[in-house]
Amino acid sequence: MLDPKLLRQDIDDVAKRLLVKGFELDTNRFNELESKRKALQTHTQELQNIRNTKSKSIGQAKAQGQDVQALLDEVAKIAGDLENSEKEFHAVQQDYDAFLANIPNIPDESVPEGKTEDDNIEIRTWGEPTQFDFEAKEHDQLGEALGLLDFETAVQMSGSRFAIMYGPFVRLHRALIQLMIDTHTREHGYEEIYVPYLVTDKALYGTGQLPKFADDQFKVESEHNHYLIPTAEVPVTNTVRDQILPEADLPIKYTCHTPCFRSEAGSYGKDTRGLIRQHQFEKVELVWVVKPEESVEALEQLTQHAETILQKLQLPYRVVALCGGDLGFSATKTYDIEVWLPGQQRYREISSCSNCLDFQARRLHARWRNTETGKPELVHTLNGSGLAIGRTLVAILENYQDAKGNIQVPEALWPYMGHVREITAR
RNA sequence: GGAGAGGUGGCUGAGCGGUUGAAAGCGGCGGUCUUGAAAACCGUUGAGGGGUAACCCCCCUCCCAGGGUUCGAAUCCCUGCCUCUCCGCCA
């Protein structure tokens, strides 16, 4: 959520900057709500003040044994007004909050203009696109030919966008999780955390997936109003909800492996084959909770931590800065890491690293105590994939294939694979 | 699943329906003392929001959440959520 004060002070500037994200802020609607809110709030509070004052004198008068009928009559006179005023105020307040809840975060000054991923700016590349002296195959062909990847059987029990894997692929998949978690905990200073995979609507609201993106979530039918998590970002970031963190606890750096569930509504026809866009996939997430002045640098570090994994796996990639139109709801700035896929002959997103500033923190009431001022202030939150497991598996299959369609195991994974160095047909 | 107990500030923990936004302790901050630190002593210290250009200041709201009773609710009533203890079941 944006700071309402910012909107009151300079709504035209906010509207201008949100346009970079392709969001049209209804400034008239806001100004209307704001003037209503102000009038009703001050009026309500005036009446409350009168009631409180009179009630207090009733107590005092009674204590002295005086007659209080006159005072009771006075309070009764404003009772109706007060009730109406309170009701109207609460109604406007609700509209006001709902309006604010649908406004995305303001993009950072550095965010390039643009509408689609074609307008993203390449920041750096690492490695050279893999070359073969044969025609590179796509991962799903490779996997199915080896008998280790099976989409057809998955369709029978779950429909499209699900997969079944066997033996070495599952082990490779598990090895990737281990490599990532070990790297982040041992080399990058993260604490590993385990979290619920079912969360409430409140939790999703806190990180910004609700109310706007309800269609992207899987809701579980039960008495609890649970949703399957679309990313570990949701439960992990929610660990600081309603907290006032001591300054000494910051920065908090969590890494977390979870499955993720996404309905992929609105992506019909996109990536219908293969493991790229599944309803269920695994991810190792990186989440930072920091003091405001540290978040800009934190995004750089977090992104590098994710890159480290690709470097260890010797997978060529590039980092792009997302343009305004491609930026997520809660993010002010995002770097995507895209890995080279020889089968597809293009870079594909494998990680998305975002700084949310205080946007999520305001929704979560996540604060830290500033020892200089002694006051609680909002933290900044960041998150990024470090990395998406399924897509990393895809990248390995395509970059480490040989002419026979077998897969060489990257050296960094040998210790996690019982020193198996080659994956062959089942 | 059955039976009890309870949810109060950063933490622990008091609180006859009426100057209680809340005793006390801990912690934090400031000071005295000290070469310095500790101890001791004194003072200070909840959060959110609104009014104001802003400070001072003033006002409102908040004692798990949502309703209700009342002139007035942390306190009484209802519902929900959560926690703890005991029993049962169980990966």
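Within every chain, numbering begins at 1; the chains are lettered A, B, ... in the order of the sequence lines, protein sequences first and strands thereafter.
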Exercise. From the options B:rG50, B:rG10, B:rG48, select the nucleotide whose nearest atom is closest to the side chain of A:R37.
Key: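 Minimum distance to the A:R37 side chain belongs to B:rG50.
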Quiz item: Of the candidate nucleotides B:rC71, B:rG21, B:rG51, which contains the atom at the shortest distance from the side chain of A:K38?
Solution: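 For the A:K38 side chain, the nearest candidate turns out to be B:rG51.
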Specify the separation, in whole Å, of atom [atom1] of [X] and atom [atom2] of [N].
X	N	atom1	atom2	answer
A:R369	B:rG46	CZ	C1'	8 Å
A:K375	B:rG28	NZ	P	18 Å
A:I58	B:rG17	CD1	C1'	13 Å
A:N52	B:rU70	CG	C1'	14 Å

Quiz item: Less than 3.5 Å between a donor and an acceptor, one on the side chain of A:K62 and one on the base of B:rG18, is that the case here?
Solution: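 Looking at the base of B:rG18, it does pair with a donor or acceptor on the side chain of A:K62 (distance under 3.5 Å).
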Could you work out the separation of [N] and [M] based on their [atom1] atoms and round it to a whole Å?
N	M	atom1	result
B:rU8	B:rA3	C1'	27 Å
B:rA74	B:rU19	P	10 Å
B:rU44	B:rG48	P	22 Å
B:rA22	B:rG1	P	42 Å
B:rA73	B:rC58	P	23 Å
B:rU34	B:rA53	C1'	47 Å
B:rC71	B:rG13	P	36 Å
B:rC86	B:rU79	C1'	26 Å

Just name whichever nucleotide pairs with [N], Watson-Crick or G-U, keeping both distances under 3.5 Å, else none.
N	answer
B:rA54	none
B:rC76	B:rG68
B:rA40	B:rU32
B:rA47	B:rU61
B:rG6	B:rC82

Practice problem: May I ask you to check whether A:H305 and A:Y190 place their ring centres under 6.0 Å from each other? | Solution: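 Centroid distance A:Y190-A:H305: below 6.0 Å, so yes.
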Quiz item: Are the aromatic rings of A:H279 and A:F261 close, with centres under 6.0 Å apart?
Solution: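 No - the distance between ring centres of A:H279 and A:F261 does not fall below the 6.0 Å cut-off.
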With sugar-phosphate meaning primed atoms plus P, OP1 and OP2, does [X] contact a base, only sugar-phosphate, or nothing at under 4.0 Å between heavy atoms?
X	result
A:K202	nothing
A:R362	nothing
A:K77	nothing
A:P376	sugar-phosphate
A:Q60	base

Self-check item: Distance-only side-chain donor-acceptor flag, A:Q280 / A:Q278, under 3.5 Å
Solution: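 Per modelled atom types, A:Q280 and A:Q278 side chains form no pair under 3.5 Å.
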Quiz item: Does the side chain of A:Y317 come under 3.5 Å of the side chain of A:E307 through a donor N or O and an acceptor N or O?
Solution: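 Judged by distance alone, the side chains do pair up.
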